[in-house]
Amino acid sequence: MTDRTTRVFTWEEGARIEVRNLGSEIVIEANAAGLKTLAGHLLTLAQDGTPDGAHLHLEENTGLEEGSVGLVLERCDDE
């Protein structure tokens, strides 16, 4: 909930998302359901009325595959 507006982040059934840090680049590997899930999360953060700084933490215990590094999706409207 941000600014009294609830944002719902949904997961597609069977979504699989793995995030790896290869040092000079980050790899996000996902099946089709996982890609749809990430796209939905980004669209949710992009909704009108979502405040600057609204964010979502994705980690092993919050949907990412075991061994994944954490990923934060954050809205930043600063230019």
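Residue numbers run from 1 in the order of the sequence given. Computed from heavy atoms alone, side chains included, the values below leave out hydrogens, waters and symmetry copies. Bear in mind the structure is a predicted one, so any value in this text is a computation, not a measurement.
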Under the side-chain hydrogen bond (donor to acceptor under 3.5 Å, both in side chains) rule, what pairs show up with a residue in residues 23-38, not counting sequence neighbours?
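Matches after skipping sequence neighbours: R20-E29.
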So, for [X] and [Y], which heavy atoms are closest and what is the spacing to 0.1 Å?
{"X": "D77", "Y": "D52", "result": "N-OD1, 2.6 Å"}
{"X": "E13", "Y": "A33", "result": "O-CB, 3.5 Å"}
{"X": "R75", "Y": "L45", "result": "NH1-O, 2.9 Å"}
{"X": "G53", "Y": "E74", "result": "CA-OE2, 3.7 Å"}

Between T44 (side chain) and G40 (backbone), is there a donor-acceptor pair under 3.5 Å?
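Such a contact is found between T44 side chain and G40 backbone.
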Pairing residues for N61 by the side-chain contact (heavy atoms from CB on, under 4.5 Å) criterion, not counting sequence neighbours
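With neighbours one apart ignored, the set is E59.
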Output all residues satisfying side-chain contact (heavy atoms from CB on, under 4.5 Å) with E65, sequence neighbours left out; order by chain, then residue number.
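side-chain contact (heavy atoms from CB on, under 4.5 Å) check on E65 returns R16, E18, S68.
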Side-chain cluster (under 4.5 Å, hydrophobic types only) that [X] belongs to, other residues:
{"X": "V8", "value": "none"}
{"X": "L43", "value": "none"}
{"X": "V27", "value": "L22"}

Find out if a path of hydrophobic residues (ILVMFWY) with successive side-chain heavy-atom gaps under 4.5 Å connects L35 to I26.
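L35 does not cluster with I26.
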Can you check whether T62 reaches H57 side chain to side chain, under 4.5 Å on heavy atoms?
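T62 vs H57: side chains apart.
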4.5 Å side-chain heavy-atom contact, V19 and L58:
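Side-chain contact under 4.5 Å: no.
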Listed once per pair and sorted, the ring-ring contact (aromatic ring centres under 6.0 Å, His included) pairs that draw on residues 24-49, sequence neighbours left out
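Listed once each, the pairs are F9-H41, W11-H41.
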Here's a test for you: under side chain to side chain contact (heavy atoms under 4.5 Å, CB included), which of L56, I28, N21 qualifies with L71?
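Only one option passes, and that is I28.
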